[in-house]
Structures are given as C-alpha cells and as structure tokens.
Amino acid sequence: MTDKLASYYPELADAQTAFRAALKPDCLKGRVILITGAGDGIGRTLAKTCAVYGANLVLLGRTRSKLDAVYDWLSQHTGAEAAIVPADLAALDDAAADALHIAIEEAFGRLDGLVHNASELGPIKPIEQYDTATWQRVMATNVNAPFLLTKTLLPLMREAEDASIVSISSSVGRKGRAYWGGYAVSKFALEGLSEVLADELESTTVRSNTVNPGGTRTDMRRRAYPGEDPETVPLPEQHMDLLLYLLSGASIGVTGKKFDARTWSGASEA
Ligand SMILES: NC(=O)c1ccc[n+]([C@@H]2O[C@H](COP(=O)([O-])OP(=O)(O)OC[C@H]3O[C@@H](n4cnc5c(N)ncnc54)[C@H](OP(=O)(O)O)[C@@H]3O)[C@@H](O)[C@H]2O)c1
C-alpha cells in the first residue's frame, strides 16, 4: 500500500511514516471537519470514517433525509458531535455562507478540515450540444461553491492549530476528455483554486491539496458508466487512508499536491 508513495512523491518519502501515524485511532480527535456531499457516496463514507477516528463533523448536502441517516449512524456508532447543513450548493450565496460561518463559529469555534467533495456530473455530451443553464449549474456547484465556502471559512481555519482543505477532483480535471463537458472543466477550475490557495497560504498553517479518487462505486459512477459491473470498481472505503492522512496532523506542511487515491492505495488505474 504505502510503499508506493515514495516512488510517486519522492519528496514525501517521510510521509510514509507520518501516514502510518495518521491511522492511529485518535488521529482526528477533536478536529472539526466540514464535508460537502456528506449524505452519499465518497462523502458519506468519509464522514463516518472521520467520526470513527475522532472528528466532529459538519455534514453539508442537498438531501435532508440522507444527512439524517448519516447523523443517526454517527450517533449510534461514534461519540462525534455533528451538525447538519441541508443546502443546494448551486444556490449558495454570500449570505448563506456567512450564516454557515457564524453557525460553525458558535458550535465549534474553529474549522480544522474542509472537504470540497460534492459535485454535479451533468450530462456526458459534446460542448456544442451542452445546455447553458446546466453548464452554469455545474459550475455553481463544483467551482463557485468551493470558492465561496473557502473564502468565507478561511478565518475559522486560521483559528485551528493546523487546517487542511481537500478538494476532490477527477482524472478529467487533469487531462481533458471528450464529452465530459462542464464537469471536466469545473474540475480543472477546482484544481486551479486549490493551487492558488496553496500558494497564497504557503506561510500559514492552512494546507490545500487535491485528490483524484479514480473510478469509485457510487451513484455518480453508475450514472457515468451505466453498463459497468459495479463489482469491478473500488468502494469509497479504499480511499479513506489517503483522506485520513490529508485531514490529520500527519500531513502538516504537505500542500499544493495532486494526489491519486488509486495509486496511493495500490489499486490499478481505471
Ligand atoms: N465516483 C467516482 O467514480 C468518482 C470519480 C472521480 C471523481 N469523483 C468525485 O468524487 C466526489 C464524490 O463523488 P461521488 O461519486 O461520491 O458522488 P455521488 O455518489 O453522486 O455523491 C455526491 C454527493 O454530493 C451531493 N451534491 C451534489 N450536488 C450537490 C449540490 N448542488 N448541493 C449539495 N450537495 C450536492 C449529493 O447530494 P444528493 O445525494 O442529495 O444528490 C451527494 O450526496 C465528487 O467530487 C466527484 O466528482 C468521483
């Protein structure tokens, strides 16, 4: 698993040790982590994993019932404190982001982790045929919302001893691919946002990295590849080691990197 790390990120060779340390059961103890899209797929698994490792959670998502189900699981299986924020990120504005800032400040006083995970896939079709309103909705959810949340919540992240912004990207956000339209373009923009942040925050305690999960067994994957046998695709659980590393103190000082969850976990590339 982690023996592959040094060959892909030689400058992070020491992180192998740090990474193993990150898997200690209390590696996220007391950390406050906001995850967007926490009601389903990778975000849901990440929320549960973070709670198991000691974090308190802000669960943001579109469908209230899905967030409630995650909340109930956390209450039954962990001692995590959790807050639910039902919100359509496509409609997020300054006022809503400010209200979220105030709510997190009142409940927790700081923010240690911000995971930009929610994403809209949109249609798989040529740019020439792409509907304009859909394009704008995909950009609003996948790019504008991460910008607005980051901008508004950064002061709370500066209140933490160290803080980590993790942006969940995609391989089509690192190399353009035909028909992936607004989704691909939005992921390029998210990669850009993460890089700009890493550079701006270099001398601070806030780090910013991106993770490409690669094909993962979720609803989004099923929608993108309806003919695929889901059993051939890794579960979200397989990405948790890397995400734990990035959200724990083990990755302090690691910033501006583009991670590949599949490479990290040793699975073959899709
Ligand atoms: N699965 C893959 O193969 C794969 C591959 C590469 C990258 N990724 C990336 O991994 C991340 C997670 O994807 P996933 O596969 O877990 O997707 P998913 O199963 O579709 O889950 C996405 C979550 O985001 C929420 N969401 C979507 N649009 C939203 C909006 N406008 N406002 C608030 N919440 C919204 C969804 O809420 P609802 O459930 O209420 O709709 C859902 O909970 C995404 O950034 C995706 O681009 C996934």
Side-chain angles (χ1 to χ4, degrees), residues 34-49 57-71 84-93 96-97 100 114-122 124 133-146 148-149 165-175 177 180-191 193-194 209-226 228-240 242-243 258-265 267 269-270:
L34 188 160
I35 301 170
T36 66
D40 212 335
I42 295 169
R44 175 176 58 193
T45 303
L46 181 60
K48 292 178 177 179
T49 304
L57 275 308
V58 182
L59 308 167
L60 190 153
R62 189 166 40 187
T63 307
R64 173 86 205 212
S65 57
K66 292 185 180 183
L67 297 175
D68 284 341
V70 176
Y71 183 95
I84 285 181
V85 184
D88 178 0
L89 288 173
L92 192 77
D93 57 13
L100 180 61
L114 173 58
V115 185
H116 297 304
N117 165 77
S119 180
E120 295 215 14
L121 178 62
I124 312 275
T134 306
W135 177 279
Q136 283 164 348
R137 184 175 171 86
V138 169
M139 293 301 155
T141 303
N142 301 3
V143 184
N144 298 355
L148 205 45
L149 287 176
I165 302 168
V166 179
S167 298
I168 307 297
S169 184
S170 166
S171 33
V172 298
R174 294 179 180 170
K175 186 174 189 318
R177 196 185 302 163
W180 284 78
Y183 176 80
V185 174
S186 74
K187 293 298 188 182
F188 270 94
L190 188 64
E191 292 272 354
L193 174 67
S194 180
N209 296 285
T210 65
V211 170
N212 168 25
T216 308
R217 205 182 310 168
T218 67
D219 270 359
M220 181 182 285
R221 180 74 184 188
R222 275 188 284 279
R223 273 180 274 123
Y225 295 90
E228 181 179 68
D229 175 3
E231 297 293 321
T232 61
V233 185
L235 289 163
E237 281 78 356
Q238 284 182 245
H239 310 322
M240 294 303 120
L242 172 57
L243 292 168
K258 298 170 187 290
F259 287 91
D260 259 293
R262 283 190 161 202
T263 305
W264 178 283
S265 65
E269 199 52 58

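For ligands, and for the atoms within them, numbers begin at 1 and follow the listed sequence. Side chains included, hydrogens not; waters and symmetry mates left out as well; all remaining heavy atoms used. Residues: numbered from 1 along the sequence shown.
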(Q) Need the ligand 1 atom indices (1-based, order shown) with element for anything under 4.0 Å from a heavy-atom of Ile168. (A) 9 (C), 10 (O), 11 (C), 45 (O)
Q: Say whether, by atom type as modelled, one donor and one acceptor occur between the side chain of Arg64 and the main chain of Ile84 under 3.5 angstrom.
A: no
Q) Ignoring hydrogens and geometry, is there a side-chain-to-backbone donor-acceptor pair from Thr141 to Met139 under 3.5 Å? A) no
Q. Taking only heavy atoms of Ala90, which atoms of ligand 1 are found under 4.0 Å from at least one of them?
A. 31 (N)
Q) If you measure from each non-hydrogen atom of Pro213 to ligand 1, which part falls under 4.0 Å: side chain, backbone, both or neither? A) side chain
Q: Could you tell me whether His116 and ligand 1 have an N or O pair separated by under 3.5 Å?
A: no
(Q) Is any side-chain heavy atom of Thr210 closer than 4.5 Å to one of Lys187? (A) no
Q) Relative to ligand 1, is Ile42 under 4.0 angstrom through side chain, backbone, both or neither, heavy atoms considered? A) both
Q.
As a check for students: among Leu92, Asp88, Leu190, identify the option with a heavy atom nearest to atom 31 (N) of ligand 1.
A. Asp88
**Q.** Proximity winner for atom 40 (O) of ligand 1, if only heavy atoms of Thr63, Thr45, Leu46 are counted
**A.** Thr63
Q) At a non-hydrogen distance cut-off of under 4.0 Å, which region of Ala38 contacts ligand 1 (side chain, backbone, both, or neither)? A) neither
Q: Please determine if Asp88 and Arg137 form a salt bridge, counting it only when a charged side-chain N lies under 4.0 Å from a carboxylate O.
A: yes
Q: Could you list the atoms of ligand 1 found under 4.0 angstrom from a heavy atom of Lys66?
A: 38 (P), 39 (O)
Q: Run down the list Asp40, Thr36, Asp219, Val115 and name the one with the heavy atom closest to atom 43 (O) of ligand 1.
A: Asp40
Q. Quick one: which ligand 1 atoms are inside 4.0 Å of a heavy atom on Gly37?
A. 23 (C), 24 (O), 25 (C), 43 (O)
Q) Does even one non-hydrogen atom of Gly214 get within less than 4.0 Å of ligand 1? A) yes
Q | Among Arg223, Arg137, Arg44, Arg222, closest by any non-hydrogen atom to atom 20 (O) of ligand 1 | A | Arg223
Q. Quick one: does Ala224 get within less than 4.0 Å of ligand 1, heavy atoms only?
A. no
Q: Give yes or no for whether the N/O distance cutoff of 3.5 Å, strictly under, is met between Tyr183 and ligand 1.
A: yes
(Q) I need the atoms of ligand 1 closer than 4.0 Å to a non-hydrogen atom of Gly215, numbered in the order shown. (A) 3 (O)
Q. Relative to the heavy atoms of Ala87, which atoms of ligand 1 are at a distance of less than 4.0 Å?
A. 32 (N), 33 (C)
